[in-house]
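Down below is the structure, laid out as structure tokens.
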Amino acid sequence: MNALLAHINFRKLVITLTISWLGIFVLMPHLMVVGTSFLTHDSDHFASLPLTLENYRQVLDATYAGVFWNSLVLSGITTVIALLIGYPFAYLLSRMGRVSRTVLLFMMVIPFWTNSLIRIYAIKMLLGKKGLFNTVLVSTGIVDKPLQLLYTDFAVIFGLVYILLPFMVLPLMASFDKLDQSLIEAGRDLGANAFHRFSQIILPLTMPGIVAGCLIVFLPAMGMFYVADLLGGAKSLLLGNIIKNQFLVARDWPFGSAFSVFLIVLMGALLWVYYKANQYVQKKGGMDDQNL
Amino acid sequence: MTLNSLFRNATAAAALLVAAATQAANDKVVIYNWSEYVPEGVLEEFTEETGIEVEYNTYESNEVMYSKIKIQNAKGYDVIVPSSYYISKMAREGLLAKLDHSKLPNMDHLYGTLLDKPYDPGNQYSLPYTWGSTGIGINTDDIDKNSITGWKDLWDSKWENSLLLTDDVREVFQMALAVQGHSANTRDPQEIKQAFELLKKLMPNVLTFNSDAPREPYMAGDVSLGMIWNGEVIMAQEEMPEIQYIYPKEGVILWVDSFAIPANAENKDAAHKFINFMMRPDIAVRTVEYTGYATANKTAIRQLDPETRGNPTIFPTWEVINRGEFQEDVGDEATALFNQYWEELKAGM
Amino acid sequence: MTRTSKSRTFSGVFKWLFIGLVFLYLYLPMVILVTNSFNKSKYGHKWSGFSWKWYEKLWENDSMMQAFGHSLLIAGLAATAATLIGTLMALAIHRYKFPLKNTASSMLFVLMMSPDIVLAITFLIIFIALGIQLGFWSLLIAHITFCLPFVVITVYAQMKNMDPNVLEAAKDLGASESQMFRIIILPILAPAVLAGWLLSFTLSLDDVIISSFVTGPGFEILPIRVFSMVKVGVSPEVNALATILLVMSLTLIAVTTYLIKRQNPQ
């Protein structure tokens, strides 16, 4: 092993590995999806020539406007709620001792070791008419008859926030960790009240974390087809449901690819926003933040 | 322990694990089936008797199974269990291997009425495993059973936001087509469009689509009326006898799940042995008891206990069967049309 | 003085109340899983008595145990490989200048931000194009790839905090790049590498969407198994499995915490 390593130029090896892995398994397939989106549907070979814009015309069809809108709204609400829960949570955790903080972080991650699909099934039981929520609501007399919680947008959002919350918390924690306490102290000494310290110092400095967290929640939320299937009764469609159906059920790969390209473009736009937010902070706080 | 030796050990361990995970036994058969569709213990008995290792993989819909078979060029799996019309579709596309009937002596036990169907004349590609129907499920604690007689009743506006439909384009359209007196296997764009218009009116009544265990929402109390598979009702009745099954008067949706072998399967011999084993009457009896679906095995039906045999939810009367309709392949064009309308229905909700 | 301490306790109570509520949200579904794993009823919509039978059934259910074993295997291997490759990538991006470096880092961003569904189809398309059989290898490659950015970011952050003088000194003493990496960089990075591994392991075990696209014959993992329990619904054996996993991981944490606390009582 040592002899082997010595023989190969380590530097070259590392660079080749990086470029080839990302090239073969990330860049190339993404380009192929873009390419496929311009091909014609062919039920025998998945996709074939000639090149066409038909798939994009279909994507923009009025039928799917509702799905786009629905996806954006559900993901948007999910993101806001995850931020409202995740921000104070990350803040409190980042102020704790090393051990308790590590333990709590672990506690947050542990449920993920049981697969998220299994947890979504459990949420389904929680929200049903005979589920825990309704049992408590009815027995305490808050409502007289069980509410329809399951198979609603509420259930979908509940599930999406549940699955994605840690992805909001982790980048926020990174931001809070880097937050220079002395800046806040300085603000206090200069007579800034709690609200000002928050809005003028803490919030701008944690902006990259906020944007990163929102991105990493907002985009994936639109793809979580199994949450919409199980908790939304397969009718509050997300973009992910359409893409999955086009690939595995209707087998119209070019059309499914066109939808994915839409998501990729949206991602590009949002990454640009993230980049701008970073620049903004670097200018303002003089902090350097390349990572999430 | 230095990092270096740690690294070396980890690599060695990983290599071992990979070898263990990918090792191919000499004799094996890879089954690709609906989950829990084979009674407990049967796979182990098969291995004991024949020495052939079984690998059991599962899928959640015919479409997913078909896509995977197609993607892999009909290789990798040895036995699959497609429903009715998928047999003709897959056979036509060259995805299925012809069965060697001489290796399947147990097919003598099968019911003549379920053989030689239009989707597979002469049973060249498939042999029936179980069959069942899609009808109306009802919770008789909440709704008077006599008030519901046919599919048409589901359109009543009092069921707003409360029905369950299966998440299956052909089944849902078959319901609407039956109400309009058309065949489920129509290729006429006009008839399909009419059915679509009718279904649009049904959508406000729909609470959920479910093809992963439709009995669950009934048992959880979230749904009291809608579509359901008969076997699901049998399973639900173990705990909740109030969940019952109605054969709609317009005609029930019938389907057969059949064994088939993908064209480029690597263990065709073992696949034949497995199919033959599953057609043994004692195994077929256990299948009915385990899944709640009817068997295509006439010898097994005689061996069933009278209560199961006489259960109209499992074994419908001839009258019901004759009024019902099996799904057939309708060709790419009509399929695409069905799919397009289906997306529109769901997207419009 | 009293006022401050009173408001301290108040904010302390409030703080723990909030944290408690968040954990209630996270663990309520787990409580349901655990409860139902002991429920005699098959469908878990009502309590019909305590029973161990689902654990016994789980033990006898070879194919479920096998799928579970496969999941752990993929998660372990993918996490290890992703940590290895990701650490090297972080090193490349941090220390070296090379063509396409910007493209490489944007690819990592794309990987992290992309909805799973998009990654899933990109993987499916590339595997078909390259003629890779869907199954063990396709799953492993896909899982390694989607874990990579998380490792790179964790490790990269730690690298930036490293004192460059140490490396310069080592170079002056004649250390080769690979020696420097093994002897100096890796030990400093150890905590970040470990964190990256854990994160990858978690992501891999949790994944549903990508796995359901790139899975193939002969190698079934748990989420696919659960996803396809359609004709009969999800069996309570899955609850039992989830409970065992939960107990195992919580024990692991408790033991680790105890050890850390004992090591540095401060």
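These figures come from a predicted structure and were not determined experimentally. A note on names: the letters A, B, ... follow the listed sequences, proteins ahead of strands, and every chain is numbered from 1.
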With a 4.5 angstrom heavy-atom cut-off, which part of [X] approaches chain C: side chain, backbone, both or neither?
X        : answer
A:Pro166 : neither
A:Ile118 : both
A:Thr102 : neither
A:Leu117 : both
A:Phe112 : both
A:Ile85  : both

Separation between CG (C:Leu88) and CZ (A:Arg11), nearest 0.5 Å, reads 14.0 Å
Separation of C:Ile93 CD1 from A:Thr18 OG1 (nearest 0.5 Å)
6.5 Å
Is C:Ile125 in contact with chain A via its backbone, its side chain, both, or neither, using a 4.5 Å heavy-atom distance?
both
So for C:Leu241, is it side chain, backbone, both, or neither that comes closer than 4.5 Å to the heavy atoms of chain A?
neither
Any donor-acceptor N/O pair, A:Asn115 side chain to C:Leu222 backbone, under 3.5 Å
no
Just by distance, do the side chain of C:Tyr96 and the backbone of A:Lys12 share a donor-acceptor pair under 3.5 Å?
no
Minimum heavy-atom distance between C:Pro115 and A:Leu263, given as atom pair plus value
CG-CD1, 4.0 Å
Kindly indicate whether the side chain of A:Met125, heavy atoms from C-beta on, has any atom under 4.5 Å from the side chain of C:Pro29.
no
If you take the centroid of each ring, where Trp contributes its six-membered ring, are A:Tyr91 and C:Phe18 closer together than 6.0 Å?
no
Using the benzene-type ring in the case of Trp, are the ring centres of A:Phe158 and C:Tyr25 under 6.0 Å apart?
yes
Hey, which of C:Ile253, C:Leu252, C:Leu250 is the one that makes side-chain contact (heavy atoms from CB on, under 4.5 Å) with A:Phe106?
C:Ile253
Do the ring planes of A:Trp113 and C:Phe201 sit parallel (below 30°), tilted (30 to 60°) or perpendicular (above 60°)?
perpendicular
Can you say whether the rings of C:Phe181 and A:Phe10 are parallel (under 30°), tilted (30 to 60°) or perpendicular (over 60°)?
tilted
If you count heavy-atom pairs under 4.5 Å with chain C, which of A:Val161, A:Leu93, A:Leu132 comes out on top?
A:Val161
